[in-house]
Amino acid sequence: MKPVTVKDLVERFSLEVLAGHSELHRPITKTKAHRPGLEFVGYFEYFPQEHVQLLGRKEITYLHKLTEHERNLHIGNIVKYHPPCFVVTRNQEGLKYLTKYCEEERIPLLRTAAATSKFQDLVDLYLSKSLAQEMAIHGVCVNVSGIGILLRGKSGVGKSETAHTLIRRGHRLVADDIVVLKKISPETLLGTHNGKTKEFLALRSIGLINVSRLYGRKAFQDETRIVLDIELTKWQEHALNNDLELEPAFTEYMDIRIPHIEIQLQPGRDVAGLVEAAANSWYLRQQGYSAAEEFMQRLQSD
């Protein structure tokens with residue numbers, strides 16, 4: 001997990017800094033922005049003080065209607081908890097009193113032209129990704145027809161070459177060599193690059209290529225949700241891999257289980273085509289269809 005500061009938030013969303021210019025180094029450690037409501041009427045039992053505090057039209061209109069004494073009481077109580085920052089949406093004005101409190105308590109006060117609900121969604125998404133638990137693995141990450149896939153295997157087994165074939169067929173590269181996995185939720189695993197390898201694919205005997213320059217912008221995307229873990233292995237002569245439906249196997253990353261498939265390699269075998277078939281088969285299973293079940297039903301109906 002990389003640290004996120006108020007300055008990162010300012011730069012990411014082009015926010016205007018109204019107060020607390022010297023405090024932009026403050027860390028943000030929680031993923032969701034909070035809109036103080038009950039806190040303005042004095043209830044602080046479960047106040048999430050470590051969250052970004054969002055002030056929309058409803059909150060600012062309420063504050064405007066208070067007397068100076070009431071504002072001193074209600075706002076004064078909130079700023080004493082020293083949240084990371086306050087963000088005012090819709091470019092609302094008349095914030096001199098709020099600026100005063102934030103300057104006194106050294107709390108950044110920021111402003112955006114965005115609507116409150118839209119900005120909250122964007123901030124929550126940004127923070128959930130930035131503050132997510134993460135790990136790096138050796139492999140290749142591709143998006144095949146909208147389905148995120150990890151390609152793993154020993155060095156030299158053909159992961160990058162398989163990814164290259166998939167790209168030529170219209171699919172997308174996400175990361176080569178080093179794949180960064182982020183746990184966005186208890187069920188969601190996001191795959192992305194580490195920044196340094198963005199758009200690059202290393203091919204043996206050819207060298208490094210930039211897939212966006214070579215095949216266009218559609219050949220690359222920044223991130224994808226991982227739903228399949230495919231391991232490329234050497235061909236085993238006596239292994240039985242022709243069952244109607246193999247016993248489900250899983251790989252676990254940060255306590256998230258991902259369906260695992262092993263594809264054995266052999267000269268002349270269309271590995272990229274098998275990866276496409278695995279992706280399409282996974283999609284059909286999500287829709288409730290199983291080819292093996294349909295086949296067995298046909299047998300039983302005779």
Side-chain angles (χ1 to χ4, degrees), residues 1-4 29-32 124-160 162-163 166 171-198 221-236 239-241 243-265 271-272 274-293:
M1 181 178 72
K2 298 178 181 179
V4 177
T29 60
K30 300 299 181 181
T31 57
K32 292 186 178 295
D124 289 350
L125 180 61
Y126 168 71
L127 291 178
S128 67
K129 291 180 179 179
S130 301
L131 297 175
Q133 180 185 352
E134 65 178 50
M135 64 180 292
I137 65 168
H138 174 67
V140 177
C141 182
V142 290
N143 183 283
V144 178
S145 300
I147 297 170
I149 297 176
L150 279 178
L151 296 177
R152 297 187 298 108
K154 293 183 179 180
S155 181
V157 76
K159 300 182 295 296
S160 298
T162 300
L166 289 167
H171 307 297
R172 297 177 177 180
L173 174 72
V174 177
D176 181 40
D177 190 34
I178 299 175
V179 181
V180 178
L181 301 178
K182 295 189 175 186
K183 184 179 181 180
I184 303 301
S185 76
E187 298 84 25
T188 306
L189 191 68
L190 201 68
T192 186
H193 52 81
N194 65 358
K196 297 178 181 178
T197 60
K198 179 180 180 180
Q221 70 180 58
D222 261 325
E223 58 190 29
T224 187
R225 181 189 174 193
I226 303 296
V227 299
L228 274 180
D229 178 76
I230 297 180
E231 184 178 5
L232 305 182
T233 63
K234 292 183 178 180
W235 183 266
Q236 299 177 27
L240 296 177
N241 291 308
D243 296 343
L244 289 180
E245 188 161 296
L246 299 175
E247 189 70 22
F250 297 89
T251 305
E252 194 170 286
Y253 299 102
M254 295 177 287
D255 299 323
I256 298 178
R257 297 208 314 166
I258 304 296
H260 171 81
I261 297 173
E262 180 181 328
I263 295 180
Q264 295 186 7
L265 307 180
V271 180
L274 293 174
V275 172
E276 289 178 318
N280 292 331
S281 179
W282 175 89
Y283 176 79
L284 287 175
R285 284 197 297 272
Q286 303 311 300
Q287 307 304 308
Y289 173 78
S290 167
E293 289 180 6

Exercise for the section: Determine, for Glu223 against Lys129, whether the closest basic-nitrogen to carboxylate-oxygen distance falls under 4.0 angstrom. Expected result: yes
Practice task
Start with the C-alpha gap between Ile258 and Leu189, add the side-chain angles, then the distance that decides, and say whether side chain to side chain contact (heavy atoms under 4.5 Å, CB included) holds.
Solution key: CA-CA 9 Å; Ile258 304 296; Leu189 191 68; 4.1 Å; yes
Nearest heavy atoms of [X] and [Y], plus distance in Å:
X      : Y      : result
Gly191 : Val174 : O-CG1, 3.5 Å
Ala279 : Val144 : CB-CG1, 4.0 Å
Leu190 : Arg225 : CD1-N, 3.9 Å
His171 : Glu276 : NE2-OE2, 2.7 Å

Taking the side chain from [X] and the backbone from [Y], do they hold a donor-acceptor pair closer than 3.5 Å?
X      : Y      : value
Ser281 : Ala277 : no
Ser128 : Leu125 : yes
Asn194 : Thr197 : yes

As an exercise, state the distance from [atom1] of [X] to [atom2] of [Y], rounded to the nearest 0.5 Å.
X      : Y      : atom1 : atom2 : answer
Lys183 : Thr188 : NZ    : OG1   : 10.5 Å
Leu181 : Leu150 : CG    : CG    : 5.5 Å
Tyr126 : Leu131 : OH    : CG    : 8.0 Å
Asp124 : Thr31  : CG    : OG1   : 7.0 Å

Are [X] and [Y] close enough that some pair of their side-chain heavy atoms sits under 4.5 Å apart?
X      : Y      : value
Ile137 : Arg152 : yes
Cys141 : Thr224 : yes
Gln221 : Leu173 : no
Val140 : Val179 : no
Val271 : Leu232 : yes
Asp222 : His193 : yes
Ile226 : Tyr253 : no
Leu127 : Val4   : yes

Exercise for the section: State which residue, out of Glu134, Met135, Met254, Gln133, fulfils the side-chain contact (heavy atoms from CB on, under 4.5 Å) condition with Lys182. Expected result: Glu134
Problem - side-chain contact (heavy atoms from CB on, under 4.5 Å), paired with Val275, selected from Ile230, Ile261, Asn280, Leu228 - result: Ile230
Handout entry: Results of side-chain hydrogen bond (donor to acceptor under 3.5 Å, both in side chains) for Tyr289 - residues two or more places apart only
Key = Glu294
Practice task
Examine the side chains of Asp176 and Ser160 and answer whether a donor and an acceptor come within less than 3.5 Å of each other.
Solution key: yes
Exercise for the section: Verify whether one side chain among Glu262 and Thr233 offers a donor that lies under 3.5 Å from an acceptor in the other. Expected result: yes
Practice task
Show your reasoning for whether side chain to side chain contact (heavy atoms under 4.5 Å, CB included) applies to Lys154 and His138.
Solution key: CA-CA 9 Å; Lys154 293 183 179 180; His138 174 67; over 6 Å; no
Problem - Tyr283 atom OH, neighbour heavy-atom count above 12 within 6.0 Å - result: no
Exercise for the section: For side chain to side chain contact (heavy atoms under 4.5 Å, CB included), just list the numbers for His260 and Glu231, CA-CA rounded to whole Å, side-chain angles, deciding distance to a tenth of an Å, and then say yes or no. Expected result: CA-CA 8 Å; His260 171 81; Glu231 184 178 5; 3.3 Å; yes
